[in-house]
2 protein chains.
Amino acid sequence: MTEGRSTDTRERILDAAETLFMAHGYDGTSMRLITGAAEVNLAAVNYHFGSKGALLQEVFRRRLDWLNAERLRVLDDLERKAGGKPLKPSLIVDGYFGTLLRMAQDEACGGVTFLRLLGRTLTEPSDFIRAFLANEYKEVIERYKAALFKALPDVPKAEIVWRFHFMLGATSYTIAGTDALRLVTDWQIEDADANDRLDRLLPRLMSFLLGGLRAPLPEFPDNA
Amino acid sequence: MTEGRSTDTRERILDAAETLFMAHGYDGTSMRLITGAAEVNLAAVNYHFGSKGALLQEVFRRRLDWLNAERLRVLDDLERKAGGKPLKPSLIVDGYFGTLLRMAQDEACGGVTFLRLLGRTLTEPSDFIRAFLANEYKEVIERYKAALFKALPDVPKAEIVWRFHFMLGATSYTIAGTDALRLVTDWQIEDADANDRLDRLLPRLMSFLLGGLRAPLPEFPDNA
DNA sequence: TTATAGCTAAAATGAACGTATGAATCATGA
DNA sequence: TCATGATTCATACGTTCATTTTAGCTATAA
């Protein structure tokens with residue numbers, strides 16, 4: 001085989017990088033740490049990916065391509081079944097956020113590790129990764145936003161965009177799972193294994209998101 | 001005066017560090033960048049604060065001491081007026097998150113810059129800063145959690161903790177304000193100045209948070 | 001077998017990092 | 001006025017960083 005060793009090295013680097021970027025952030029993770037954990041030579045990253053930044057992009061691309069394609073597939077499916085009629089908001093929210101959390105239960109897709117890395121990186125704005133993620137998400141966001149506009153014709157579009165934003169925040173922060181304040185709240189949550197907790201997280205999060213999405217519209221103070 | 005030059009240098013360093021940590025993260029901000037922006041000598045940080053890590057802590061302490069004291073004061077006030085009866089959830093949520101966002105409108109308290117730094121750092125878990133923030137928030141979180149338990153006696157405590165967590169996420173992510181996906185959503189938001197946007201953000205966020213907090217309880221799939 | 005391309009190994013490069021040092025400068029109290 | 005302690009300054013130190021280089025290894029194709 002002409003690439004047996006090579007693909008193995010690439011995958012090992014990507015797996016190690018995913019875990020380490022999640023744990024220590026991009027700047028906090030050195031090439032020596034990555035190649036050490038992957039048990040490959042220091043130069044292998046630059047040979048296979050070109051640079052550290054390109055490696056980070058590849059870590060994301062490996063998972064996001066699948067995730068966002070799946071999200072589009074789900075939405076296509078929903079819209080096909082609805083035959084032109086507006087979708088229920090709960091279905092749209094589940095298509096976007098449910099698909100994400102369900103991916104985390106599939107270890108072959110990176111499991112919770114990638115989920116945490118994603119949540120963390122969405123609030124960590126290195127310029128080059130922002131541009132990359134924006135492009136990677138462009139189509140999906142556009143489609144889901146449009147679906148929400150259609151599903152909630154009486155709600156001002158600006159309000160929907162804001163609430164979509166809030167939902168993204170609640171989800172990202174939750175899946176980052178390493179927030180500083182978790183130490184404080186003496187976590188009387190069930191100590192089941194990660195998959196069990198993930199099972200119950202999805203309904204919990206979904207209730208919260210839908211409650212927020214359908215909340216009464218805010219009233220602004222007069223500042224004319 | 002025995003400290004004129006000194007306090008000025010300290011403040012300039014803290015201001016510069018606050019802005020730069022916000023923009024580039026902790027690891028991404030070098031001492032040379034900080035001291036350059038503050039127009040002080042490179043050695044000044046180590047002289048006045050001891051180390052880069054201690055500087056970061058001081059950046060937070062300067063704002064958080066006031067913020068969390070104010071949160072406690074507000075809660076004390078509410079509970080005193082209620083005279084032992086449970087508080088309305090909206091008042092509790094406003095006491096916690098409203099106080100935070102109102103602080104951002106006071107430029108003397110750091111304004112949006114500190115708000116963004118806080119939002120960003122809450123998901124950026126350097127071990128030492130996690131421990132510091134956990135300690136800094138300990139009392140406030142405990143008090144507000146207890147108030148919510150009392151205000152919502154029919155809701156399981158675990159559920160309240162989760163939803164408090166989701167609220168923290170939505171808020172942190174929003175105030176970080178630098179999330180990667182903002183580029184995507186062609187932001188048809190009013191182009192008013194920062195304070196105007198902040199004026200309307202608070203009611204918007206509050207509606208969302210309360211909607212989520214009061215949402216119907218989730219139903220879990222049977223996995224017995 | 002030999003040439004070639006794909007890949008790995010080990011070492012070196014130059015830049016940037018946080019921190020430490022000792023001299024210079026300043027304000028202050030006797 | 002002058003000695004003193006606080007602060008600022010320029011500079012150097014020892015690491016660690018991402019990346020590059022050069023040589024060597026392995027497997028396929030002619």
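Letters go in sequence order (proteins before strands), and every chain restarts at 1.
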Against the side chain of Y47(A), the closest entry in dT8(D), dA10(D), dC7(C) is dC7(C)
Listed in order of residue number, which residues of residues 25-33 of chain A have a non-hydrogen atom at under 4.0 Å from DNA chain C? none
Under 4.0 Å from OP1 or OP2 of dA18(D): is there any side-chain N or O of N46(A) that close? no
On the 0 to 90° scale, with breaks at 30° and 60°, tag the F97(A)-F164(A) ring pair as parallel, tilted or perpendicular. tilted
What is the distance from CD of E39(B) to P of dC9(D), rounded to the nearest Å? 11 Å
What residues, two or more places apart in sequence or in another chain, satisfy side chain to side chain contact (heavy atoms under 4.5 Å, CB included) together with D94(A)? R102(A), M206(A)
Nearest whole angstrom, please: distance from the P of dA20(C) to the CG of L42(B). 12 Å
So, is S51(A) close to the dA18(D) phosphate, meaning a side-chain N or O under 4.0 Å from OP1 or OP2? no
Out of dG18(C), dA10(C), dC9(D), which nucleotide sits closest to the side chain of N41(B)? dC9(D)
Calculate the interatomic distance between I13(A) atom CD1 and dA9(C) atom P; express it in whole Å. 11 Å
If the test is side-chain contact (heavy atoms from CB on, under 4.5 Å), which one of V74(A), L72(A), N68(A) qualifies with T99(A)? V74(A)
In whole angstrom, give the distance that lies between atom CZ of R12(A) and atom C1' of dT8(C). 12 Å
Determine which pairs satisfy side chain to side chain donor-acceptor pair (under 3.5 Å) with at least one residue from residues 16-38 of chain B, sequence neighbours left out, and list them in order. E18(B)-R63(B)
With rounding to the nearest 0.5 angstrom, report the CG to CD1 distance, L20(B) to I34(B). 6.5 Å
Return the orientation label for the Y137(A) and Y96(A) ring planes: parallel under 30°, perpendicular over 60°, tilted otherwise. tilted
H48(B) side chain N/O closer than 4.0 Å to the phosphate oxygens (OP1, OP2) of dT8(D)? yes
Taken to the nearest whole Å, CD1/I34(B) to P/dG18(C) is 7 Å
State whether T9(B) places a side-chain N or O below 4.0 Å from either non-bridging phosphate oxygen (OP1 or OP2) of dT8(D). yes
Nearest-Å distance for atom pair CZ/P, residues R10(A) and dG6(C): 14 Å
Using atom CG of D8(B) as one end and atom C1' of dT8(D) as the other, report the distance to the nearest whole Å. 13 Å
Got a donor-acceptor contact below 3.5 angstrom from the R12(A) side chain to the E39(A) backbone? yes
Taken to the nearest whole Å, CZ/F49(B) to P/dT7(D) is 12 Å
